[in-house]
Amino acid sequence: MPRTIAVMTALLIAASSAAVAADVPPQRQAELRYLLKHDCGSCHGMRLEGGLGPALTARRLAPYGVDFLALTIIQGRPGTPMPPWRPFISEPEAQWLATQLKQGIRP
Amino acid sequence: MRLMRYLLSALLLYSGQASAECLTRGTGDMGIVIERAAGSVQVVDRRAHRALFRIEGLGDLSHASAVYSPDERYAYIFGRDGGLTRLDILCGTITHRIVQGGNSIGGAISQDGNLIAVSNYEPGGVKVFAASDLRLVADIPATPVNSEKRSKTVGLVDAGEQRFVYSLYDTGETWILDMSDPANPVIQKHEKIGQLPYDALITRDGRYYIAGLFGQDGLALLDLWHPERGTRLILEDYGKGEQKLPVYKMPHLEGWAMAGNRAFLPGVGHHQVLVVERGEWNTLAKIPVYGQPVFVMARPDGRQIWVNFAFPDNDTIQVIDTETLKVVKTLKPGKGALHMEFAPRGEEVWISIRDKDEVQVYDTRKLQLTHTLPVAKPSGIFFTARAHTTGL
């Protein structure tokens, strides 16, 4: 039973991120990629290989789920220099960005 | 004998031709502009407002910075990916290039110009190289954080008497590295300076080293005339009782402005420029500005302060009059106004406008745009006059 739930959750998440990607129009995707490179990049490195902030490569992010990463983008990480991006990035956009990062996007 | 003379003259002619590509001129009115996304650098003539060379192949130049040899001919570029590149700006060529670390954050040149120190995030520590050929002279690992990682090093500057000073981000320390005898580096460690120092500056006279702290209020000050007294916290009360805003770009302290006996610095998490009295280090005033300041830079004569801002306000530059402490001009140069560099005597300021792929030049007396230069995703601008300034 727990396994079924896990599978269903995974399916749901997969379905929701697929739906989410469709919700972010291509022009906004391009803006988010630009933001990722130049603004996230000022701490995480323009190639996302790390700086004062950690690397955002698929390998480094492997232990974390898309939801956790999206939440981190939206809320920031209190006690660290990671700020909340809520004023500039919506939740579906954060989901899309997190999915891209998990897939190893190179902006 | 005649053959000998012929050979000699042929040799001279050849060497003359070989260097024909190089410029024959002084370098005092030259500089470089980092093209951070392309991994290239433009060498510029700052009085003619034009590019002389573009040099490619410098790796990841996000957050890149540069220092100059004392003769202003060679520029040393510190890249994010650990690259250290020595450029000949008269010939527009790379003379030496090494990848000395995995992830780096700036460097400095020693007082005598013979040593280049680089600050590394990964592996955490500082490495020192010979300025002439970039051979490794000293490797100074930082304090371990755990079994795999050492503290990141930040805020590396040169100080007098062949010293380098830098801070350890994770462990909250400031180290003085004395390279008087390159074979025997001497380290003096100051522990518990405060939480998460993220950048630092040294005053132009080389006396005060000040580290900004991310993990707590205040800054850690070290008087290099009296290092035995250790660091002390200054401006501890700054921002108390006021809601701090999220910080989307960490301020830079390198450009910390001194004008007369007053220091001007960015208020972290606030839309303010702080005015601080040097010596006592008390807050004299808080100047409300357009956004969170990143660079707060004084025109060389100290009469004006130019400020740029963090995302999302990085399309704006403000100019503050240091007598009245009022904003006298708000400029809208375009999105991504990242870096400013003054002509050594202050008549002009060059500003990188990332999203417009250009560098804009302003007349600082009229506060007007006078020139633009096409530069791909420009970030840092570094004029050769830095060669003669401590901490730059």
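Per chain, numbering begins at 1; letters A, B, ... match sequence-line order.
Neither the backbone nor the side chain of Ala310(B) comes within contact range of chain A; no heavy atom of the residue lies under 4.5 Å from a heavy atom of that chain. For Asp355(B), the parts sitting under 4.5 Å from any heavy atom of chain A are the backbone and the side chain alike. Interface residue Asn103(B): only side-chain heavy atoms are found under 4.5 Å from chain A.
Listed for the Glu93(A) side chain is a donor-acceptor partner under 3.5 Å among the backbone atoms of Ser90(A).
With salt bridges taken as basic N to acidic carboxylate O contacts below 4.0 Å, none links Glu35(B) and Arg354(B).
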Decide side chain to side chain donor-acceptor pair (under 3.5 Å) for Thr143(B) and Glu173(B); before the verdict, give the C-alpha distance in whole Å, the side-chain angles of both, and the deciding distance to 0.1 Å. CA-CA 9 Å; Thr143(B) 305; Glu173(B) 300 172 62; 2.8 Å; yes

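Put simply, of Gly79(A), Pro83(A), Gly76(A), Pro81(A), the one with the most heavy-atom pairs under 4.5 Å next to chain B is Pro81(A). Counting heavy-atom pairs under 4.5 Å between each of Gly50(A), Gly45(A), Gly41(A), Ser42(A) and chain B puts Gly50(A) at the top. Here Lys152(B) is the residue among Lys249(B), Lys152(B), Gln195(B) with the most heavy-atom pairs under 4.5 Å with chain A. Contact tally against chain B (heavy-atom pairs below 4.5 Å) for Leu52(A), Asp39(A), Leu35(A): the top residue is Leu52(A). By number of non-hydrogen pairs under 4.5 angstrom with chain A, the leading residue of Phe311(B), Tyr248(B), Tyr169(B), Tyr198(B) is Tyr248(B).
The aromatic rings of Phe382(B) and His339(B) sit tilted relative to each other, their planes meeting at an angle between 30° and 60°. Using cut-offs of 30° and 60° for the angle between ring planes, the Phe68(A) and Tyr64(A) rings count as parallel.
In plain terms, the two heavy atoms of Gln272(B) and Val289(B) that are nearest each other are N-CG2, 3.7 Å.
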